[in-house]
Undergrad: 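Can you read through this structure? Questions will come right after.
In listed order, ligands and their atoms are each counted from 1.
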Amino acid sequence: MVALPSLSPPPPRPSPSPATPRRRPPPPPPPHATPSHRVRSRPATVVSAASGVTDGYHSTIRSLNSRGRHVPRKSLGQNYMLNSKVNEELVAAAGVEEGDVVLEIGPGTGSLTAALLDAGATVFAVEKDKHMATLVNDRFGSTEQLKIIEEDITKFNVRSHFLPFLEEKSHHTRKYAKVVSNLPFNVSTEVVKLLLPMGDVFSVMVLLLQDETALRFADASIQTPEYRPINVFVNFYSEPEYKFKVERTNFFPQPKVNSAFNGKRKMLRKSLQHLCSSSEIEAALANIGLPVTNIDFISVSLLYLHKVTVRFTGIGLRRVACPKMRPVFCGNLDYDARQSEIERLFSKYGRVERVDMKSGFAFVYMEDERDADEAIHRLDRIEFGRKGRRLRVEWTKEDRSGGRRGNSKRSPNNTRPTKTLFVINFDPINTRTRDLERHFDQYGKISNVRIRRNFAFVQYELQEDATKALEGTNGSTLMDRVISVEYALRDDDEKRNGYSPERRGRDRSPDRRDYRGRSASPYGRGRERGSPDYGRGRERGSPDYGRGGDRGSPDYHRGASPQGGNKGDERGSPPNNYDRERREASPGYDRPRSRSPARYERE
Ligand SMILES: C[S@@+](CC[C@H](N)C(=O)[O-])C[C@H]1O[C@@H](n2cnc3c(N)ncnc32)[C@H](O)[C@@H]1O
């Protein structure tokens, strides 16, 4: 818990607005001032790219006055932030930087919105109060950097309304968004329940909450009597952190914040009310040492979202991905590369738990999968070491302990671009070719879509479109499944036996039980029809841990990596169904396989 008395000196009270001299709300008290060592030396004035010069106090009051008298509505939790420093702290807590996409809940007068825009973020704001939505619109005018939706957040469909915005603004680069909000207290739990399971959309949520709620959310100890289901929920989906306190004097109107104790005090007041007035009871309570308002703080909770894939399996939720300890393969190293060098290299992107050095390659275990993603993105193919070798940095194909992994949101493994994408992990029963087409056609013209049992091929006319589609769809959600997309190993320009958009009318029914009974498809064992071969020569330096076939697309469900001991059918264990299906389906799978250690050959 970090106390944050980092608030600005009290600004002068607002001068009466000449335009609306008698219509302004009662002037709020100035924000509380407490010196702090944590304050960064930022100017007291926030200059918003979109809004011109603003400060929290004056601009909030000015905004509130701008459309006639606006009485803050308690039912909507309208306690407006008057202190721009607090807004800046919220923005900093979320690490908002240029190019980030932020979902803001309840922009109100737009004071936090201004700070977010000022930090270079693109903001998607959801405001329930029509008056406030109009007000924010007036304040910022039309700008590409801000979209305001008048909507109740608890009824808002993030996936269908926010996700396309995120994708557009991040140019389909699979970027995560952030949530930053001075939340209306009455919906805080609902919001947390709504957004926390969306670790595939958001990386971090910074919420200004009632102190009691923030403390509860941040409590990781299950053994306490206060532990409630929401704690389990929050801890399951995120790494919560209680960040700092904000004094209630910074809000207009000042919230009458309740704690559990305060609730008891209220009950006491209620039970005594037939004896004397409220003010007398308050005075009496103060007299015996019970503070009239015992909680003076609102608090900020920081929730780091786990990138967890969840899916329904029969009844209940099952967590299928463990976000921790997933190693990154770092290949094509000098033989004498040192562990410390690799550790230093990766630690630029996040905490490195350990580096497992091998000869010419290493496995790097990072604490956070998102950091590992970033490291892969930044380090793959950079020149490194004394000889300036080009590193190969990618996710290991398997959990090296031998377990299978279900997380499909991984980096594409076949890095050689082709026009055809290989898609797995969709719902094999209900997904139709037209569903896939709809999901993929926003990236370019599709020439062919084929579904083969539990995998599919989507072929574009242009390779660049396939690349865009891969970036945009790998790890995306299609009919409640997080799909995996990668380049197929070879293009098939012949449209035999497949679905093509021009033949929409022949879309197959979702029931594909007839598949086996058909004549061999272009993917059925390949050789039978001289069909296209999705296999291709192994890229040097690209390891294949346990997929067995060098030429197939990576196998997400096989046994362990070479180091893990069990290499599935390669080592004599029977292939599972998935393997079999895939071998039947893709010619590349029944080719002779080269074995490690040759796989770790270097470039
Ligand atoms: C605590 S105020 C914060 C306002 C502003 N962000 C600030 O910091 O001054 C909460 C805001 O959320 C809005 N709000 C309340 N309930 C909401 C809901 N269910 N969905 C979206 N916005 C809501 C209110 O109208 C209000 O503008």
Undergrad: Between E89 and N87, is there a side-chain heavy-atom distance shorter than 4.5 Å?
TA: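 No, their side chains stay 4.5 Å or more apart.
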Undergrad: When M81 is tested against each of V246, L112, L90 for side chain to side chain contact (heavy atoms under 4.5 Å, CB included), which residue passes?
TA: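 When V246, L112, L90 are each tested with M81, the side chain to side chain contact (heavy atoms under 4.5 Å, CB included) holds only for V246.
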Undergrad: Could you list each nitrogen or oxygen of ligand 1 that sits under 3.5 Å from a protein nitrogen or oxygen, with the atom names and the distance?
TA:
from     : atom 1 : to   : atom 2 : distance (Å)
ligand 1 : 6 (N)  : G106 : O      : 2.8
ligand 1 : 6 (N)  : P107 : O      : 3.3
ligand 1 : 8 (O)  : N182 : ND2    : 2.7
ligand 1 : 9 (O)  : M81  : N      : 2.8
ligand 1 : 19 (N) : D152 : OD1    : 2.8
ligand 1 : 20 (N) : I153 : N      : 2.9
ligand 1 : 22 (N) : K128 : N      : 3.2
ligand 1 : 25 (O) : Q78  : NE2    : 2.9
ligand 1 : 25 (O) : E127 : OE2    : 2.5
ligand 1 : 27 (O) : G108 : N      : 3.4
ligand 1 : 27 (O) : E127 : OE1    : 2.8
ligand 1 : 27 (O) : E127 : OE2    : 3.4

Undergrad: More than 12 foreign heavy atoms under 6.0 Å from CZ of R159: is that the case here?
TA: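 Result for CZ/R159: enclosed.
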Undergrad: State, with a plain yes or no, whether a side-chain heavy atom of P253 is found less than 4.5 Å away from one of N79.
TA: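 In contact.
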Undergrad: So T109 and M132, do their side chains get closer than 4.5 Å, heavy atoms only?
TA: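 Yes; the side chains approach each other to less than 4.5 Å.
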Undergrad: State whether D435 and R432 are salt-bridged, where the test is any N-O pair (Lys NZ or Arg NE/NH1/NH2 against Asp/Glu carboxylate O) under 4.0 Å.
TA: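 Not counted as a salt bridge, because no side-chain N and carboxylate O are separated by less than 4.0 Å.
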